[in-house]
K.L.:
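Quick one: structure below, then a few questions.
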Amino acid sequence: MALSFLRSNVITQNIKKQLYQNKRNAGYVVLIPEIGEDADNTLLSKNGLPEFNDFTIEKCIATISKQSLEYENGTRQIEQVAANSKNAFVDVFKPFEILDSQLELTWGMAKTLYLGNSSLMPTKSYIQVHERAHKARSSKFNSIPIFQAAVTEKNRLKKLTDEERRLLDKYILEGKLNGLEVKGIKRERLDIILPTLQKERQTFRDKVNIANKIFTSTIKDRNLIKEFPQTLVKDMAIGVDSDKGPWKLTLLPHIYEPFMQYCPDRDLRWNAWQAHVQRCSGYANKEMETASNLENIRRLRNEQATILGYETYADMSMETKMAGSVENVHSMLDSLLESARSMQDAEIELLQRYAQERGFEDKLEHWDIPYWQRKQKWSLYGFDEDKIREYFPLPKVLNSLFSLCNTLFNINIVERTDVHTWHKDVKFYAIYEESSDTPIANFYFDPYARQDEKIRIYDDAGWHIAIRNRCASTGTSPLSALIFNFQAPGDGKPSLLSFNEVTILFQRFGHSLRHLLTKANYSEVAGLSNVEWDAAEVCGQVMTHWLYDPSTVRRVSGHFSTEEPLSDEIVKNLQNIRGHMSGYNLCKELYLSKLDLELHSKKTFWRDIVREMWPKYHALPFDKYDSHPLSFTKIFCEEWGAAYFCRIWSRIIAADIYSAFEEARHGENDVSAVGKRYRDTFLAVGGSCHPSEVFRRFRGRDPSPHALLKNLSLPKKVVEEFEDLLNLQVPQWIKNPCNFTAMEEANVIMQEELITISSDEELKQKLNQD
């Protein structure tokens with residue numbers, strides 16, 4: 001029976017106790033000393049950079065407390081001036097720039113250490129720091145005098161630069177979304193809804209985390225793991241000797257996902273899949289069900305949106321998206337589906353034949369797809385992530401990445417050894433213009449996994465932390481940190497990366513360049529701050545496209561012992577791999593994106609929505625026990641409610657941007673000229689201009705999905721249809737552009753979700769996005 005595997009996993013009294021404790025603590029208030037004995041220590045060295053050598057949790061908490069008090073006092077002083085100000089940029093917004101610069105660096109240090117060295121910044125300590133800093137910084141966006149000053153200034157000034165307009169729009173929209181225009185009974189109701197909603201999200205998260213812990217399966221037969229990557233074997237090992245076993249399967253992403261791809265035992269895959277999709281369904285344990293929490297979240301979000309003047313929560317979400325409206329997103333998703341869905345049917349049929357030719361006698365089910373998909377990819381392209389690591393030593397990859405940036409953007413990236421870091425493996429780099437000796441930005445690079453010190457995730461194993469923004473008022477330059485979980489050097493070998501890890505490195509570094517190379521003057525809209533959510537990941541995605549350029553990937557690769565680059569055959573196959581089962585993969589993304597919007601637009605019961613949608617997006621039938629929305633933490637616990645589509649939207653924009661480089665490379669245009677134009681638009685402007693307008697300045701036209709669909713080898717029919725759609729819809733983004741993104745910076749998504757995590761172990765299971 002489908003549920004038998006759960007019946008032996010009875011929740012212990014300790015787990016029950018933990019859940020109840022988490023319920024009480026959801027939305028808790030942290031009381032910490034406002035000023036400690038080390039409050040005068042700003043944790044900075046003489047060169048203005050963080051002093052990690054002398055860092056202590058006590059100093060960090062004391063400094064954050066002092067700076068937060070100063071921020072709140074400063075906000076009150078600015079409020080007094082705002083009402084009579086004749087120039088809000090001078091009297092209101094520039095003073096806030098100074099206040100922000102004092103707080104953001106210390107807060108950025110705490111975030112960096114939390115992800116890079118949890119022994120220096122444990123979860124509970126970071127929660128304290130985050131709560132205090134976030135409360136202080138939010139004070140200006142919850143201030144009626146500041147909100148009114150922004151409205152007055154926008155109405156008063158007829159001529160504004162793009163950056164000034166975006167700055168004002170940010171304050172105005174933040175105030176609107178925080179309910180500053182809501183009065184009376186509606187305001188009272190909103191004040192009840194928001195903390196209640198936070199508690200429901202926390203309870204949902206707690207239950208999913210506990211459900212992830214409950215399921216385990218022990219493997220003792222070594223033959224079952226002989227195809228497993230060594231990293232997976234080590235992660236699953238129960239004893240000290242990972243080669244001898246036994247090995248434990250859990251639902252943690254960095255274990256479950258590769259297990260489904262490599263496990264040859266169909267029964268074990270079925271068991272794991274059933275556990276995964278039935279999490280929090282209540283079939284086996286009523287105390288773990290999240291259906292009631294899910295419906296409460298939907299109801300409260302919809303009520304919140306109604307009070308703020310929106311028809312649905314999805315409509316409210318569009319205020320902070322490049323797409324501009326729910327209708328635009330639906331049109332995009334539906335247009336892509338026709339091509340992807342028909343391709344999926346063909347892909348499943350081919351995969352079925354492939355499996356049958358290799359002795360598989362049953363019909364493919366959901367738990368079979370990852371395993372046979374990997375096998376087919378190897379047969380077609382001779383490609384296995386773990387088998388080409390030797391061609392991607394980290395030093396070679398990193399030097400090649402820096403060289404590519406030098407060619408495209410005329411910058412030099414130089415390591416400095418005179419800067420203190422939080423671990424001996426961490427390196428510090430300065431970025432220079434080619435014609436200057438003064439760095440324009442700096443970043444830390446922490447590459448290696450450290451057990452029990454860093455977050456372990458599977459599908460997105462890297463972090464970018466914006467420690468400090470560029471600010472003209474204070475004369476500060478950008479500073480950030482890049483943190484990864486790559487294999488450390490050992491056995492006489494350097495750190496060897498899989499191609500997926502190389503892609504992650506390029507993606508995160510490309511993402512960071514938007515922060516590091518910004519030229520905006522106001523930190524509030526500089527770099528990644530104020531970028532619409534569905535455009536936030538564009539620059540990272542653009543950089544990954546270079547890995548599918550044959551000449552680039554040859555320069556990036558080189559065997560660690562012979563320096564021989566990847567063979568022409570593998571280089572060619574890397575391009576083909578992007579299109580492998582692209583219809584199936586895209587349909588999954590389209591389904592989740594559409595499901596998210598439907599759940600936040602309609603009042604229909606969640607299971608009825610799933611049953612109606614499923615056959616439109618999936619070739620395989622729906623399993624009656626499948627309850628995947630009940631563990632969909634990204635949209636119910638994090639900040640991705642009615643925003644899951646953002647990844648697909650970003651991919652469309654990024655592929656179109658990169659196609660300009662391809663056109664230059666294959667034509668008579670200079671690639672470096674395209675690189676300069678890209679730097680002067682997307683990298684330099686950041687959040688100080690609407691992304692639709694930035695795209696036009698770079699490309700000279702509106703976006704098209706042609707490049708993405710070409711990369712995925714999908715039929716061309718949808719290209720023409722979607723191009724017609726974009727030509728009609730995109731101009732509306734400019735006529736009625738969203739004024740501001742509530743995502744103050746890309747990392748705010750991470751910040752907002754961290755404040756409700758209650759333990760290190762739960763966090764390691766949870767965090768899988770930046």
Side-chain angles (χ1 to χ4, degrees), residues 27-44 48 50-52 54-82 92-115 120-147 170-171 174-175 178 180 194-195 198 465-469 471 473-474 476 479 522-524 529 742-745 747-748 750-757:
Y28 48 80
V29 177
V30 179
L31 299 177
I32 59 177
E34 283 300 309
I35 300 179
E37 59 181 2
D38 294 311
D40 292 332
N41 190 318
T42 60
L43 300 175
L44 298 180
E51 181 55 82
F52 288 106
D54 197 33
F55 181 93
T56 66
I57 295 172
E58 292 75 19
K59 285 183 179 179
C60 182
I61 291 177
T63 303
I64 285 284
S65 300
K66 179 175 182 291
Q67 292 174 342
S68 296
L69 275 178
E70 292 173 346
Y71 198 105
E72 291 163 343
N73 290 333
T75 299
R76 286 190 287 269
Q77 293 174 12
I78 295 172
E79 283 178 330
Q80 295 174 2
V81 176
V92 176
F93 304 121
K94 285 189 177 179
F96 272 126
E97 292 282 296
I98 297 172
L99 286 177
D100 282 322
S101 68
Q102 298 169 355
L103 180 62
E104 71 174 352
L105 186 62
T106 310
W107 193 2
M109 287 177 65
K111 287 184 286 185
T112 300
L113 289 177
Y114 177 64
L115 295 170
L120 289 176
M121 180 54 66
T123 299
K124 291 182 179 179
S125 298
Y126 180 74
I127 290 174
Q128 290 183 323
V129 169
H130 174 89
E131 281 277 335
R132 191 65 188 94
H134 185 268
K135 176 178 178 291
R137 195 174 189 279
S138 297
S139 62
K140 65 180 178 182
F141 294 125
N142 285 284
S143 167
I144 293 178
I146 304 302
F147 171 74
K170 176 172 184 175
Y171 277 89
E174 273 283 17
N178 284 330
L180 297 187
L194 295 180
Q198 184 63 26
I465 300 96
I467 300 176
R468 181 178 65 200
N469 271 8
C471 179
S473 298
T474 59
T476 52
L479 176 68
Y522 289 93
S523 66
E524 203 66 67
S529 299
M743 183 170 63
E744 300 166 357
E745 54 183 85
N747 286 327
V748 163
M750 176 186 73
Q751 297 169 16
E752 292 298 328
E753 47 190 81
L754 294 187
I755 63 174
T756 55
I757 301 295

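What you see is a predicted model; the values in this text were computed from it and never measured.
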K.L.:
Between atom OH of Y522 and atom CZ of F96, what is the distance when rounded to the nearest 0.5 Å?
P.N.:
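Going from the OH atom of Y522 to the CZ atom of F96 covers 13.5 Å.
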K.L.:
Compare every heavy atom of A133 with every heavy atom of W107, then report the nearest pair and how far apart it is.
P.N.:
CD2-CB, 3.5 Å
K.L.:
Would you please name every residue forming a side-chain contact (heavy atoms from CB on, under 4.5 Å) with A136, sequence neighbours left out?
P.N.:
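Scan of A136 (side-chain contact (heavy atoms from CB on, under 4.5 Å), adjacent residues dropped) gives S68, Y71, E72, L103, R132.
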K.L.:
Can you list the steps and then say if Q102 with I98 is a side chain to side chain contact (heavy atoms under 4.5 Å, CB included)?
P.N.:
CA-CA 7 Å; Q102 298 169 355; I98 297 172; 3.8 Å; yes
K.L.:
Knowing that exactly one of L99, D100, I78 qualifies, which makes a side chain to side chain contact (heavy atoms under 4.5 Å, CB included) with K140?
P.N.:
D100
K.L.:
Report the C-alpha distance between L479 and L105 in whole Å, list the side-chain angles of each, state the deciding distance to 0.1 Å, and finish with yes or no for side chain to side chain contact (heavy atoms under 4.5 Å, CB included).
P.N.:
CA-CA 9 Å; L479 176 68; L105 186 62; 4.0 Å; yes
K.L.:
If every non-hydrogen atom of I465 is compared with every non-hydrogen atom of G108, which pair is closest and at what distance?
P.N.:
CG2-O, 4.1 Å
K.L.:
My understanding is that only residues two or more places apart in sequence, or in another chain, count here; which of them pass side-chain contact (heavy atoms from CB on, under 4.5 Å) with S473?
P.N.:
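Here the qualifying residues are K94, E97, C471.
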K.L.:
Would you please name every residue forming a side-chain contact (heavy atoms from CB on, under 4.5 Å) with P145, sequence neighbours left out?
P.N.:
E79, S143
K.L.:
Take M109 and F55, measure what side chain to side chain contact (heavy atoms under 4.5 Å, CB included) needs, and give me the verdict at the end.
P.N.:
CA-CA 10 Å; M109 287 177 65; F55 181 93; 3.7 Å; yes
K.L.:
Nearest 0.5 angstrom please: L120 CG to L113 CG, how far?
P.N.:
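Between atom CG of L120 and atom CG of L113 there are 5.5 Å.
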K.L.:
If the condition is side chain to side chain donor-acceptor pair (under 3.5 Å), which residues does S125 pass it with, not counting sequence neighbours?
P.N.:
none
K.L.:
Roughly how far, to the nearest 0.5 Å, is CD1 of I61 from OG1 of T56?
P.N.:
9.0 Å
K.L.:
Does the plane of the ring in Y171 sit parallel, tilted or perpendicular to the ring in F93? Use 30° and 60° as the thresholds.
P.N.:
tilted
K.L.:
With the side chain counted from C-beta on, respond yes when P122 and I57 share a heavy-atom pair under 4.5 Å apart, and no when they do not.
P.N.:
yes
K.L.:
Between K170 and E524, is there a donor-acceptor pair closer than 3.5 Å when you use the side chain of the first and the backbone of the second?
P.N.:
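It does hold such a pair.
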K.L.:
Please name all residues satisfying ring-ring contact (aromatic ring centres under 6.0 Å, His included) with F52, sequence neighbours left out, ordered by chain then number.
P.N.:
W422, Y444
K.L.:
Report yes if some heavy atom in the side chain of I64 is under 4.5 Å from a heavy atom in the side chain of Q128; otherwise report no.
P.N.:
no
K.L.:
When you measure from the side chain of E104 to the backbone N and O of N469, does any donor-acceptor pair fall under 3.5 Å?
P.N.:
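Flag set: sc E104 to bb N469 pair under 3.5 Å.
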K.L.:
So which heavy atom on I146 is nearest to which on A82, and how close?
P.N.:
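Scanning both residues, the minimum pair turns out to be CD1-CB, 4.3 Å.
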K.L.:
Indicate yes or no: does E131 engage K135 in a salt bridge with an N to O separation below 4.0 Å.
P.N.:
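Result for this pair is no, no salt bridge flagged.
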K.L.:
Just to verify, what does N142 make a side-chain contact (heavy atoms from CB on, under 4.5 Å) with, not counting sequence neighbours?
P.N.:
S138, N178
K.L.:
Just do the side chain to side chain donor-acceptor pair (under 3.5 Å) check on T75 and S139 with the steps written out, would you?
P.N.:
CA-CA 7 Å; T75 299; S139 62; 3.2 Å; yes
